[in-house]
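Residue numbers start from 1 in every chain, and the chains themselves are labelled A, B, ... in the order their sequence lines are given, proteins ahead of strands. Only heavy atoms go into these numbers, but all of them, side chains included; no hydrogens, no water, no symmetry mates.
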2 protein chains.
Amino acid sequence: MRKKRKGCDVPEATIHRLPLYLEKLKLLQAIGVEDVSSRQLAESLDIKASQLRHDFHYFGGFSRPGRPYQVEKLVPALEKIIGIDEPVPTIIVGAGHLGQALANYQNLALQGFPVCGIFDVNPRLIGLEIRGQPIRDMEEMPRVVKEKNALIGVITVPAQYAQEVADRMVEAGIVGIFNFAPTDLKLPEGVALRNERMAVGLMALSFRVKCILESRLQHSPADEVGPPGESAAEGDGNDQVS
Amino acid sequence: MRKKRKGCDVPEATIHRLPLYLEKLKLLQAIGVEDVSSRQLAESLDIKASQLRHDFHYFGGFSRPGRPYQVEKLVPALEKIIGIDEPVPTIIVGAGHLGQALANYQNLALQGFPVCGIFDVNPRLIGLEIRGQPIRDMEEMPRVVKEKNALIGVITVPAQYAQEVADRMVEAGIVGIFNFAPTDLKLPEGVALRNERMAVGLMALSFRVKCILESRLQHSPADEVGPPGESAAEGDGNDQVS
DNA sequence: GGCCTTCTGTTACATCATTGACACCCAACT
DNA sequence: AGTTGGGTGTCAATGATGTAACAGAAGGCC
(Lines give C-alpha, C1' and ligand atoms only; values in the text may rest on other atoms or scores of the structure.)
Protein backbone atom coordinates (compact mmCIF):
# COMPACT_ATOMS: atom_id res chain seq x y z
CA MET A 1 0.00 0.00 0.00
CA ARG A 2 3.03 2.17 0.32
CA LYS A 3 4.16 1.87 -3.25
CA LYS A 4 1.75 2.92 -5.93
CA ARG A 5 1.71 -0.62 -7.33
CA LYS A 6 -0.63 0.55 -10.01
CA GLY A 7 -1.21 -2.94 -11.28
CA CYS A 8 2.33 -3.32 -12.52
CA ASP A 9 5.66 -1.69 -11.86
CA VAL A 10 5.76 0.17 -15.14
CA PRO A 11 5.56 3.96 -14.90
CA GLU A 12 2.45 5.76 -16.01
CA ALA A 13 4.21 7.72 -18.66
CA THR A 14 5.66 4.66 -20.28
CA ILE A 15 2.31 2.94 -20.48
CA HIS A 16 0.88 5.89 -22.33
CA ARG A 17 3.62 5.70 -24.90
CA LEU A 18 3.28 2.01 -25.66
CA PRO A 19 0.19 2.51 -27.82
CA LEU A 20 2.00 5.17 -29.77
CA TYR A 21 4.91 2.87 -30.42
CA LEU A 22 2.59 0.15 -31.51
CA GLU A 23 0.65 2.40 -33.79
CA LYS A 24 3.74 3.64 -35.54
CA LEU A 25 5.20 0.16 -35.81
CA LYS A 26 2.06 -1.16 -37.41
CA LEU A 27 2.30 1.63 -39.91
CA LEU A 28 5.88 0.67 -40.70
CA GLN A 29 4.89 -2.96 -40.93
CA ALA A 30 2.17 -2.09 -43.38
CA ILE A 31 4.64 -0.47 -45.74
CA GLY A 32 7.04 -3.36 -45.52
CA VAL A 33 9.73 -2.02 -43.22
CA GLU A 34 11.55 -4.86 -41.50
CA ASP A 35 14.05 -3.24 -39.18
CA VAL A 36 13.87 -0.04 -37.26
CA SER A 37 16.36 1.56 -34.90
CA SER A 38 15.42 3.26 -31.69
CA ARG A 39 16.51 6.53 -33.19
CA GLN A 40 14.36 6.22 -36.30
CA LEU A 41 11.31 5.19 -34.34
CA ALA A 42 11.81 7.84 -31.71
CA GLU A 43 12.31 10.62 -34.20
CA SER A 44 9.12 9.77 -36.01
CA LEU A 45 7.32 10.16 -32.70
CA ASP A 46 9.12 13.31 -31.66
CA ILE A 47 10.69 11.78 -28.62
CA LYS A 48 14.26 10.97 -27.66
CA ALA A 49 15.72 7.62 -28.60
CA SER A 50 17.02 7.12 -25.11
CA GLN A 51 13.52 7.40 -23.79
CA LEU A 52 12.25 4.79 -26.14
CA ARG A 53 14.99 2.37 -25.14
CA HIS A 54 14.35 3.19 -21.53
CA ASP A 55 10.70 2.35 -21.99
CA PHE A 56 11.40 -0.91 -23.74
CA HIS A 57 13.88 -1.76 -21.05
CA TYR A 58 11.04 -2.43 -18.63
CA PHE A 59 10.02 -5.41 -20.65
CA GLY A 60 13.34 -7.05 -21.30
CA GLY A 61 15.22 -7.25 -24.55
CA PHE A 62 13.34 -7.11 -27.78
CA SER A 63 16.37 -7.74 -29.95
CA ARG A 64 19.94 -8.89 -29.85
CA PRO A 65 21.95 -6.04 -28.38
CA GLY A 66 23.80 -4.99 -31.45
CA ARG A 67 21.02 -4.89 -34.04
CA PRO A 68 17.98 -2.74 -34.67
CA TYR A 69 14.52 -3.84 -33.66
CA GLN A 70 12.67 -6.19 -35.92
CA VAL A 71 9.24 -4.86 -36.67
CA GLU A 72 7.79 -8.32 -37.10
CA LYS A 73 8.86 -9.28 -33.62
CA LEU A 74 8.14 -6.00 -31.93
CA VAL A 75 4.54 -5.63 -33.00
CA PRO A 76 3.30 -8.85 -31.43
CA ALA A 77 5.49 -8.28 -28.40
CA LEU A 78 3.92 -4.89 -27.78
CA GLU A 79 0.46 -6.26 -28.42
CA LYS A 80 1.07 -8.89 -25.80
CA ILE A 81 2.35 -6.36 -23.32
CA ILE A 82 -0.63 -4.10 -23.85
CA GLY A 83 -2.91 -7.06 -23.61
CA ILE A 84 -4.42 -6.99 -27.07
CA ASP A 85 -2.67 -10.02 -28.48
CA GLU A 86 -6.14 -11.38 -28.59
CA PRO A 87 -9.28 -9.26 -28.98
CA VAL A 88 -10.66 -7.64 -25.85
CA PRO A 89 -14.44 -7.81 -26.01
CA THR A 90 -15.90 -4.41 -25.22
CA ILE A 91 -19.35 -3.12 -24.45
CA ILE A 92 -20.79 0.36 -24.67
CA VAL A 93 -23.44 1.62 -22.32
CA GLY A 94 -25.22 4.73 -23.47
CA ALA A 95 -26.33 4.79 -27.08
CA GLY A 96 -26.55 8.53 -27.45
CA HIS A 97 -24.58 10.35 -30.08
CA LEU A 98 -21.24 9.61 -28.54
CA GLY A 99 -22.03 5.97 -27.89
CA GLN A 100 -23.20 5.55 -31.45
CA ALA A 101 -20.15 7.32 -32.77
CA LEU A 102 -17.91 4.93 -30.89
CA ALA A 103 -19.90 1.90 -31.95
CA ASN A 104 -19.53 3.02 -35.53
CA TYR A 105 -15.85 3.60 -35.25
CA GLN A 106 -14.60 0.43 -36.86
CA ASN A 107 -11.02 1.18 -35.91
CA LEU A 108 -11.87 0.03 -32.43
CA ALA A 109 -12.32 -3.51 -33.62
CA LEU A 110 -9.21 -3.27 -35.76
CA GLN A 111 -7.19 -2.17 -32.79
CA GLY A 112 -8.32 -5.07 -30.71
CA PHE A 113 -11.52 -3.88 -29.08
CA PRO A 114 -14.50 -5.45 -30.83
CA VAL A 115 -17.77 -3.99 -29.63
CA CYS A 116 -19.87 -6.94 -28.53
CA GLY A 117 -22.80 -5.05 -27.08
CA ILE A 118 -24.44 -1.62 -27.00
CA PHE A 119 -26.93 -0.83 -24.30
CA ASP A 120 -29.33 1.89 -23.29
CA VAL A 121 -32.46 2.38 -21.26
CA ASN A 122 -34.23 4.56 -23.80
CA PRO A 123 -36.95 2.46 -25.47
CA ARG A 124 -36.70 4.62 -28.55
CA LEU A 125 -33.14 3.53 -29.11
CA ILE A 126 -33.46 -0.11 -28.17
CA GLY A 127 -33.65 -2.22 -31.27
CA LEU A 128 -31.84 0.17 -33.57
CA GLU A 129 -28.96 -1.47 -35.32
CA ILE A 130 -25.44 -0.11 -35.51
CA ARG A 131 -23.01 -1.98 -37.65
CA GLY A 132 -25.04 -5.11 -37.28
CA GLN A 133 -25.35 -4.82 -33.51
CA PRO A 134 -28.76 -4.06 -32.06
CA ILE A 135 -28.94 -1.57 -29.24
CA ARG A 136 -30.06 -3.70 -26.34
CA ASP A 137 -31.92 -3.03 -23.16
CA MET A 138 -29.67 -2.31 -20.26
CA GLU A 139 -31.17 -5.28 -18.44
CA GLU A 140 -29.49 -7.60 -20.87
CA MET A 141 -26.07 -6.22 -20.16
CA PRO A 142 -24.96 -8.70 -17.48
CA ARG A 143 -25.97 -11.65 -19.58
CA VAL A 144 -24.16 -10.39 -22.66
CA VAL A 145 -21.07 -9.57 -20.65
CA LYS A 146 -20.91 -13.11 -19.40
CA GLU A 147 -21.73 -14.66 -22.74
CA LYS A 148 -19.13 -12.73 -24.64
CA ASN A 149 -16.63 -12.50 -21.84
CA ALA A 150 -16.53 -8.75 -22.17
CA LEU A 151 -13.71 -7.17 -20.21
CA ILE A 152 -13.97 -3.47 -20.96
CA GLY A 153 -16.99 -1.27 -20.60
CA VAL A 154 -17.38 2.19 -22.11
CA ILE A 155 -19.67 4.61 -20.33
CA THR A 156 -21.31 7.25 -22.48
CA VAL A 157 -24.35 8.08 -20.38
CA PRO A 158 -25.16 11.40 -18.71
CA ALA A 159 -23.08 12.08 -15.64
CA GLN A 160 -25.84 11.43 -13.14
CA TYR A 161 -26.23 7.81 -14.23
CA ALA A 162 -22.57 7.03 -14.65
CA GLN A 163 -21.96 5.69 -11.16
CA GLU A 164 -24.90 3.35 -11.32
CA VAL A 165 -23.84 2.06 -14.71
CA ALA A 166 -20.33 1.54 -13.44
CA ASP A 167 -21.58 -0.42 -10.46
CA ARG A 168 -23.62 -2.69 -12.64
CA MET A 169 -20.71 -3.17 -15.00
CA VAL A 170 -18.46 -4.23 -12.18
CA GLU A 171 -21.08 -6.56 -10.86
CA ALA A 172 -21.42 -8.11 -14.27
CA GLY A 173 -17.71 -8.80 -14.37
CA ILE A 174 -16.25 -5.90 -16.32
CA VAL A 175 -12.60 -5.32 -15.41
CA GLY A 176 -11.84 -2.02 -17.11
CA ILE A 177 -14.03 1.05 -17.43
CA PHE A 178 -13.59 3.77 -19.99
CA ASN A 179 -15.61 6.67 -18.70
CA PHE A 180 -16.72 9.58 -20.82
CA ALA A 181 -19.04 11.02 -18.21
CA PRO A 182 -17.70 14.00 -16.27
CA THR A 183 -17.90 12.31 -12.89
CA ASP A 184 -15.47 10.80 -10.46
CA LEU A 185 -16.45 7.18 -10.29
CA LYS A 186 -15.85 5.15 -7.18
CA LEU A 187 -14.89 1.63 -8.02
CA PRO A 188 -13.92 -1.39 -5.97
CA GLU A 189 -10.41 -2.73 -6.00
CA GLY A 190 -9.34 -4.71 -8.96
CA VAL A 191 -11.10 -2.62 -11.57
CA ALA A 192 -9.22 -0.27 -13.86
CA LEU A 193 -10.62 3.09 -14.81
CA ARG A 194 -9.79 5.64 -17.42
CA ASN A 195 -11.59 8.92 -17.59
CA GLU A 196 -11.79 10.53 -20.97
CA ARG A 197 -13.05 13.94 -20.18
CA MET A 198 -13.19 16.00 -23.30
CA ALA A 199 -14.12 19.23 -21.61
CA VAL A 200 -10.93 19.02 -19.60
CA GLY A 201 -8.89 18.64 -22.74
CA LEU A 202 -10.62 21.58 -24.35
CA MET A 203 -9.96 23.77 -21.35
CA ALA A 204 -6.31 22.84 -21.24
CA LEU A 205 -6.21 23.84 -24.87
CA SER A 206 -8.02 27.05 -24.12
CA PHE A 207 -5.42 27.94 -21.54
CA ARG A 208 -2.73 27.64 -24.15
CA VAL A 209 -4.73 29.62 -26.63
CA LYS A 210 -5.12 32.38 -24.11
CA CYS A 211 -1.38 32.42 -23.49
CA ILE A 212 -0.68 32.60 -27.19
CA LEU A 213 -3.05 35.48 -27.73
CA GLU A 214 -1.53 37.36 -24.84
CA SER A 215 1.99 36.87 -26.07
CA ARG A 216 0.98 38.04 -29.50
CA LEU A 217 -0.36 41.25 -28.09
CA GLN A 218 2.75 41.84 -26.06
CA HIS A 219 5.40 40.99 -28.55
CA SER A 220 4.02 42.63 -31.63
CA PRO A 221 0.58 44.16 -31.61
CA ALA A 222 0.25 43.98 -35.37
CA ASP A 223 2.17 40.82 -36.08
CA GLU A 224 1.22 38.08 -38.45
CA VAL A 225 1.38 34.39 -37.62
CA GLY A 226 4.90 33.39 -36.71
CA PRO A 227 7.27 31.56 -39.01
CA PRO A 228 6.62 27.87 -39.40
CA GLY A 229 8.55 25.50 -37.20
CA GLU A 230 8.15 21.91 -36.21
CA SER A 231 6.73 21.09 -32.89
CA ALA A 232 6.75 18.04 -30.71
CA ALA A 233 4.22 16.31 -28.52
CA GLU A 234 5.11 16.09 -24.87
CA GLY A 235 3.64 15.67 -21.45
CA ASP A 236 1.18 12.84 -21.57
CA GLY A 237 1.70 13.06 -25.25
CA ASN A 238 -1.42 15.01 -25.90
CA ASP A 239 -0.32 18.58 -25.72
CA GLN A 240 2.06 20.95 -27.27
CA VAL A 241 2.28 24.54 -28.12
CA SER A 242 5.00 26.12 -29.91
CA MET B 1 14.39 27.44 -26.55
CA ARG B 2 16.19 25.86 -23.67
CA LYS B 3 13.29 26.00 -21.31
CA LYS B 4 10.10 24.34 -22.36
CA ARG B 5 8.28 27.64 -22.23
CA LYS B 6 5.13 25.88 -23.25
CA GLY B 7 3.18 29.04 -23.73
CA CYS B 8 3.34 30.01 -20.09
CA ASP B 9 5.45 29.09 -17.13
CA VAL B 10 2.82 26.95 -15.50
CA PRO B 11 3.55 23.22 -15.35
CA GLU B 12 1.64 20.86 -17.56
CA ALA B 13 0.24 18.91 -14.72
CA THR B 14 -1.20 21.98 -13.08
CA ILE B 15 -2.92 23.09 -16.24
CA HIS B 16 -4.67 19.77 -16.50
CA ARG B 17 -6.01 20.10 -13.01
CA LEU B 18 -7.44 23.58 -13.41
CA PRO B 19 -10.49 22.35 -15.31
CA LEU B 20 -11.15 19.80 -12.60
CA TYR B 21 -11.02 22.46 -9.94
CA LEU B 22 -13.34 24.65 -11.91
CA GLU B 23 -15.79 21.86 -12.53
CA LYS B 24 -16.00 20.95 -8.90
CA LEU B 25 -16.28 24.55 -7.83
CA LYS B 26 -19.13 25.16 -10.20
CA LEU B 27 -20.86 22.19 -8.69
CA LEU B 28 -20.40 23.62 -5.23
CA GLN B 29 -21.58 26.99 -6.42
CA ALA B 30 -24.71 25.40 -7.83
CA ILE B 31 -25.65 23.96 -4.47
CA GLY B 32 -25.04 27.21 -2.67
CA VAL B 33 -21.71 26.59 -0.98
CA GLU B 34 -19.93 29.87 -0.32
CA ASP B 35 -16.61 28.96 1.22
CA VAL B 36 -14.38 26.00 0.64
CA SER B 37 -11.03 25.15 2.12
CA SER B 38 -8.18 23.68 0.16
CA ARG B 39 -8.57 20.48 2.11
CA GLN B 40 -12.26 20.09 1.37
CA LEU B 41 -11.82 20.80 -2.29
CA ALA B 42 -8.79 18.59 -2.60
CA GLU B 43 -10.41 15.66 -0.87
CA SER B 44 -13.40 15.78 -3.13
CA LEU B 45 -10.98 15.47 -6.05
CA ASP B 46 -8.84 12.78 -4.47
CA ILE B 47 -5.73 14.89 -4.42
CA LYS B 48 -3.64 16.37 -1.64
CA ALA B 49 -4.53 19.78 -0.30
CA SER B 50 -0.95 20.89 -0.59
CA GLN B 51 -1.00 20.18 -4.26
CA LEU B 52 -4.06 22.29 -4.74
CA ARG B 53 -2.55 25.21 -2.91
CA HIS B 54 0.65 24.70 -4.82
CA ASP B 55 -1.28 24.88 -8.07
CA PHE B 56 -3.14 28.01 -7.07
CA HIS B 57 0.11 29.54 -5.99
CA TYR B 58 1.15 29.97 -9.61
CA PHE B 59 -1.58 32.51 -10.07
CA GLY B 60 -1.20 34.60 -6.98
CA GLY B 61 -3.48 34.77 -4.02
CA PHE B 62 -7.11 33.93 -4.37
CA SER B 63 -8.02 34.79 -0.82
CA ARG B 64 -6.77 36.48 2.28
CA PRO B 65 -4.21 34.12 3.82
CA GLY B 66 -6.15 33.05 6.84
CA ARG B 67 -9.54 32.28 5.35
CA PRO B 68 -10.95 29.61 3.07
CA TYR B 69 -11.50 30.25 -0.60
CA GLN B 70 -14.67 32.00 -1.65
CA VAL B 71 -16.39 30.04 -4.33
CA GLU B 72 -17.91 33.15 -5.85
CA LYS B 73 -14.49 34.66 -6.37
CA LEU B 74 -12.68 31.51 -7.33
CA VAL B 75 -14.93 30.46 -10.16
CA PRO B 76 -14.51 33.58 -12.24
CA ALA B 77 -10.84 33.71 -11.40
CA LEU B 78 -10.28 30.22 -12.72
CA GLU B 79 -12.39 30.93 -15.75
CA LYS B 80 -10.21 33.88 -16.51
CA ILE B 81 -7.05 31.89 -16.06
CA ILE B 82 -8.27 29.12 -18.31
CA GLY B 83 -9.38 31.69 -20.82
CA ILE B 84 -13.10 31.00 -20.82
CA ASP B 85 -14.22 34.10 -18.99
CA GLU B 86 -15.82 34.86 -22.28
CA PRO B 87 -17.01 32.24 -24.75
CA VAL B 88 -14.39 30.77 -27.07
CA PRO B 89 -15.98 30.30 -30.48
CA THR B 90 -15.23 26.83 -31.75
CA ILE B 91 -15.62 25.08 -35.07
CA ILE B 92 -15.79 21.41 -35.93
CA VAL B 93 -14.44 20.00 -39.15
CA GLY B 94 -15.65 16.53 -39.98
CA ALA B 95 -19.36 15.91 -39.59
CA GLY B 96 -19.18 12.15 -39.23
CA HIS B 97 -20.51 10.40 -36.20
CA LEU B 98 -17.99 11.84 -33.84
CA GLY B 99 -18.28 15.34 -35.21
CA GLN B 100 -22.03 15.19 -34.91
CA ALA B 101 -21.82 13.80 -31.43
CA LEU B 102 -19.66 16.72 -30.39
CA ALA B 103 -21.86 19.24 -32.11
CA ASN B 104 -24.80 17.83 -30.24
CA TYR B 105 -23.09 17.89 -26.94
CA GLN B 106 -24.60 21.02 -25.49
CA ASN B 107 -22.29 20.97 -22.52
CA LEU B 108 -19.61 22.34 -24.78
CA ALA B 109 -21.42 25.62 -25.10
CA LEU B 110 -22.19 25.64 -21.40
CA GLN B 111 -18.56 25.20 -20.60
CA GLY B 112 -17.53 28.09 -22.76
CA PHE B 113 -17.04 26.59 -26.20
CA PRO B 114 -20.02 27.47 -28.39
CA VAL B 115 -19.90 25.63 -31.69
CA CYS B 116 -20.15 28.30 -34.36
CA GLY B 117 -19.63 26.13 -37.38
CA ILE B 118 -19.60 22.51 -38.56
CA PHE B 119 -17.94 21.63 -41.82
CA ASP B 120 -17.47 18.68 -44.10
CA VAL B 121 -16.71 17.91 -47.72
CA ASN B 122 -19.33 15.21 -48.11
CA PRO B 123 -22.21 16.65 -50.18
CA ARG B 124 -24.59 14.24 -48.49
CA LEU B 125 -23.95 15.82 -45.14
CA ILE B 126 -23.79 19.43 -46.18
CA GLY B 127 -27.04 21.15 -45.36
CA LEU B 128 -28.08 18.85 -42.55
CA GLU B 129 -28.87 20.73 -39.41
CA ILE B 130 -27.51 19.94 -35.98
CA ARG B 131 -28.86 21.96 -33.12
CA GLY B 132 -29.77 24.72 -35.47
CA GLN B 133 -26.41 24.80 -37.18
CA PRO B 134 -26.22 23.65 -40.78
CA ILE B 135 -23.31 21.47 -41.80
CA ARG B 136 -21.43 23.70 -44.17
CA ASP B 137 -19.12 23.11 -47.04
CA MET B 138 -15.50 23.08 -46.07
CA GLU B 139 -14.90 25.95 -48.47
CA GLU B 140 -16.87 28.25 -46.22
CA MET B 141 -14.72 27.50 -43.24
CA PRO B 142 -12.26 30.41 -43.52
CA ARG B 143 -15.04 32.91 -43.95
CA VAL B 144 -16.96 31.64 -40.95
CA VAL B 145 -13.83 31.54 -38.82
CA LYS B 146 -13.22 35.18 -39.53
CA GLU B 147 -16.83 36.21 -39.14
CA LYS B 148 -17.29 34.50 -35.81
CA ASN B 149 -13.77 35.01 -34.60
CA ALA B 150 -13.41 31.30 -34.01
CA LEU B 151 -10.31 30.43 -32.03
CA ILE B 152 -10.48 26.69 -31.56
CA GLY B 153 -10.92 24.06 -34.24
CA VAL B 154 -11.88 20.47 -33.62
CA ILE B 155 -10.72 17.90 -36.17
CA THR B 156 -12.88 14.81 -36.53
CA VAL B 157 -11.95 13.73 -40.04
CA PRO B 158 -10.19 10.54 -41.08
CA ALA B 159 -6.50 10.53 -40.31
CA GLN B 160 -5.35 11.00 -43.87
CA TYR B 161 -7.07 14.36 -44.19
CA ALA B 162 -6.23 15.68 -40.78
CA GLN B 163 -3.02 17.46 -41.72
CA GLU B 164 -4.65 19.28 -44.61
CA VAL B 165 -7.55 20.34 -42.45
CA ALA B 166 -5.16 21.56 -39.79
CA ASP B 167 -3.22 23.60 -42.32
CA ARG B 168 -6.36 25.26 -43.55
CA MET B 169 -7.52 25.95 -40.05
CA VAL B 170 -4.26 27.65 -39.19
CA GLU B 171 -4.41 29.66 -42.37
CA ALA B 172 -7.92 30.75 -41.49
CA GLY B 173 -6.73 32.02 -38.14
CA ILE B 174 -7.49 29.19 -35.73
CA VAL B 175 -5.21 29.32 -32.71
CA GLY B 176 -5.93 26.02 -30.98
CA ILE B 177 -6.55 22.63 -32.53
CA PHE B 178 -8.27 19.75 -30.82
CA ASN B 179 -7.38 16.73 -32.86
CA PHE B 180 -9.26 13.45 -32.74
CA ALA B 181 -7.50 11.96 -35.73
CA PRO B 182 -4.75 9.47 -34.95
CA THR B 183 -2.02 11.46 -36.63
CA ASP B 184 0.87 13.59 -35.54
CA LEU B 185 0.07 17.00 -36.88
CA LYS B 186 2.81 19.43 -37.77
CA LEU B 187 1.83 22.95 -36.93
CA PRO B 188 3.58 26.29 -37.19
CA GLU B 189 4.62 28.16 -34.11
CA GLY B 190 1.99 29.96 -32.19
CA VAL B 191 -0.70 27.35 -32.55
CA ALA B 192 -1.69 25.08 -29.69
CA LEU B 193 -2.54 21.47 -30.23
CA ARG B 194 -4.20 18.82 -28.17
CA ASN B 195 -4.49 15.28 -29.39
CA GLU B 196 -7.40 13.32 -28.07
CA ARG B 197 -6.60 9.84 -29.15
CA MET B 198 -9.17 7.47 -27.82
CA ALA B 199 -7.44 4.33 -28.99
CA VAL B 200 -4.45 5.26 -26.88
CA GLY B 201 -6.62 5.62 -23.84
CA LEU B 202 -8.24 2.30 -24.47
CA MET B 203 -4.92 0.58 -24.80
CA ALA B 204 -3.59 2.08 -21.61
CA LEU B 205 -6.72 0.74 -19.99
CA SER B 206 -6.19 -2.63 -21.59
CA PHE B 207 -2.71 -2.79 -20.14
CA ARG B 208 -4.12 -2.34 -16.69
CA VAL B 209 -6.83 -4.88 -17.32
CA LYS B 210 -4.23 -7.39 -18.38
CA CYS B 211 -2.25 -6.73 -15.19
CA ILE B 212 -5.35 -7.20 -13.08
CA LEU B 213 -6.26 -10.47 -14.73
CA GLU B 214 -2.74 -11.74 -14.26
CA SER B 215 -2.63 -10.83 -10.61
CA ARG B 216 -5.97 -12.51 -10.05
CA LEU B 217 -4.65 -15.72 -11.49
CA GLN B 218 -1.54 -15.59 -9.37
CA HIS B 219 -2.99 -14.61 -6.07
CA SER B 220 -6.04 -16.79 -5.96
CA PRO B 221 -7.09 -18.82 -8.96
CA ALA B 222 -10.68 -19.04 -7.81
CA ASP B 223 -11.07 -15.71 -6.10
CA GLU B 224 -13.97 -13.36 -6.33
CA VAL B 225 -13.66 -9.64 -6.88
CA GLY B 226 -11.73 -8.04 -4.07
CA PRO B 227 -13.29 -6.07 -1.24
CA PRO B 228 -14.46 -2.59 -2.14
CA GLY B 229 -12.11 0.29 -1.51
CA GLU B 230 -11.94 3.86 -2.66
CA SER B 231 -9.57 4.79 -5.37
CA ALA B 232 -8.06 8.00 -6.58
CA ALA B 233 -7.29 9.52 -9.93
CA GLU B 234 -3.67 10.25 -10.62
CA GLY B 235 -1.18 10.85 -13.37
CA ASP B 236 -2.74 13.20 -15.84
CA GLY B 237 -5.85 12.61 -13.82
CA ASN B 238 -7.30 10.10 -16.19
CA ASP B 239 -6.12 6.80 -14.88
CA GLN B 240 -6.26 4.72 -11.86
CA VAL B 241 -6.41 1.14 -10.92
CA SER B 242 -6.88 -0.23 -7.60
C1' DG C 1 -6.92 42.30 24.52
C1' DG C 2 -4.70 37.70 24.35
C1' DC C 3 -5.17 32.96 23.13
C1' DC C 4 -6.53 29.30 20.19
C1' DT C 5 -7.99 27.22 15.98
C1' DT C 6 -8.21 27.12 11.15
C1' DC C 7 -6.58 28.40 7.12
C1' DT C 8 -3.43 29.94 3.29
C1' DG C 9 1.10 31.07 0.93
C1' DT C 10 5.55 29.48 0.59
C1' DT C 11 9.60 26.96 0.94
C1' DA C 12 12.11 22.73 1.36
C1' DC C 13 12.12 17.88 0.47
C1' DA C 14 11.00 13.30 -1.80
C1' DT C 15 9.56 11.10 -5.74
C1' DC C 16 9.04 10.22 -10.51
C1' DA C 17 10.31 11.06 -15.51
C1' DT C 18 13.49 12.42 -19.12
C1' DT C 19 17.85 12.95 -21.00
C1' DG C 20 22.71 12.13 -21.69
C1' DA C 21 26.68 9.04 -21.41
C1' DC C 22 28.98 4.84 -21.96
C1' DA C 23 30.11 -0.18 -22.18
C1' DC C 24 29.38 -3.80 -24.86
C1' DC C 25 27.59 -6.23 -29.10
C1' DC C 26 27.21 -7.30 -33.90
C1' DA C 27 28.00 -7.08 -38.79
C1' DA C 28 30.54 -5.37 -42.68
C1' DC C 29 34.62 -3.94 -44.71
C1' DT C 30 39.78 -3.63 -45.14
C1' DA D 1 42.07 -10.70 -37.91
C1' DG D 2 41.47 -5.92 -36.90
C1' DT D 3 38.92 -2.12 -37.20
C1' DT D 4 35.07 0.91 -38.03
C1' DG D 5 30.21 2.22 -37.69
C1' DG D 6 25.98 1.83 -35.92
C1' DG D 7 23.16 -0.42 -32.52
C1' DT D 8 21.11 -1.72 -27.88
C1' DG D 9 20.97 -2.15 -22.70
C1' DT D 10 22.04 0.18 -18.64
C1' DC D 11 23.10 3.54 -15.34
C1' DA D 12 23.85 8.19 -13.68
C1' DA D 13 22.54 12.94 -13.78
C1' DT D 14 19.24 16.34 -14.64
C1' DG D 15 14.72 18.21 -14.55
C1' DA D 16 9.85 18.15 -13.44
C1' DT D 17 6.28 16.95 -10.29
C1' DG D 18 4.05 15.71 -5.87
C1' DT D 19 4.16 15.97 -0.86
C1' DA D 20 5.10 17.54 3.57
C1' DA D 21 6.32 21.10 6.83
C1' DC D 22 5.97 25.55 8.61
C1' DA D 23 5.42 30.62 9.31
C1' DG D 24 2.08 33.91 9.60
C1' DA D 25 -2.92 35.96 8.91
C1' DA D 26 -7.88 36.11 10.29
C1' DG D 27 -11.56 35.34 13.03
C1' DG D 28 -13.92 33.22 17.32
C1' DC D 29 -13.80 32.83 22.21
C1' DC D 30 -12.62 33.68 26.84
For [X], check side chain to side chain donor-acceptor pair (under 3.5 Å) against everything at least two apart and list the hits.
X: Thr183(B); result: none
X: Glu79(A); result: none
X: Asp167(A); result: Gln163(A)

*asked:* Check this for me: does any side-chain nitrogen of one of Lys210(B) and Asp85(A) sit under 4.0 Å from a carboxylate oxygen of the other?
replied: no
*Flag the pair Glu196(A) and Arg194(A) as a salt bridge only when some basic side-chain nitrogen lies within less than 4.0 angstrom of an acidic carboxylate oxygen.*
yes
Atom pair distance, as rounded to whole Å: [atom1] in [X] and [atom2] in [N]:
X: Gln51(B); N: dA21(D); atom1: CD; atom2: P; value: 16 Å
X: Arg53(A); N: dA12(D); atom1: CZ; atom2: P; value: 16 Å
X: Ile47(B); N: dT19(D); atom1: CD1; atom2: P; value: 9 Å
X: Asp35(B); N: dG27(D); atom1: CG; atom2: C1'; value: 12 Å
X: Phe59(B); N: dG9(C); atom1: CZ; atom2: P; value: 13 Å
X: Glu12(A); N: dA16(D); atom1: CD; atom2: C1'; value: 16 Å
X: Asp9(B); N: dT17(D); atom1: CG; atom2: P; value: 12 Å
X: Tyr58(A); N: dG9(D); atom1: OH; atom2: C1'; value: 13 Å

*asked:* Over all strands shown, is Tyr69(B) touching base, sugar-phosphate only, or nothing at heavy-atom distances under 4.0 angstrom?
replied: sugar-phosphate
*What is the nucleic acid contact for Ser50(A), judged by heavy atoms within less than 4.0 Å: base, sugar-phosphate only, or nothing?*
base
*Scan residues 19-44 of chain B for pairs that pass ring-ring contact (aromatic ring centres under 6.0 Å, His included), counting only residues two or more places apart or in two chains.*
Tyr21(B)-Phe56(B)
_Listed partners of Phe59(A) passing ring pair (Phe, Tyr, Trp, His ring centres under 6.0 Å), at least two apart_ = none
*With the side chain of Arg17(A) defined as its heavy atoms from C-beta on, choose the nearest nucleotide among dC7(C), dT18(C), dA17(C).*
dT18(C)
*Of the nucleotides dA26(D), dT18(C), dT19(C), which has the atom closest to the Arg67(B) side chain?*
dA26(D)
_Is there a side-chain contact between Arg39(A) and the phosphate of dG7(D), meaning an N or O under 4.0 Å from OP1 or OP2?_
yes
List every contact pair, protein side and nucleotides 11-13 of chain C side both N or O, where the distance is under 3.5 Å.
none

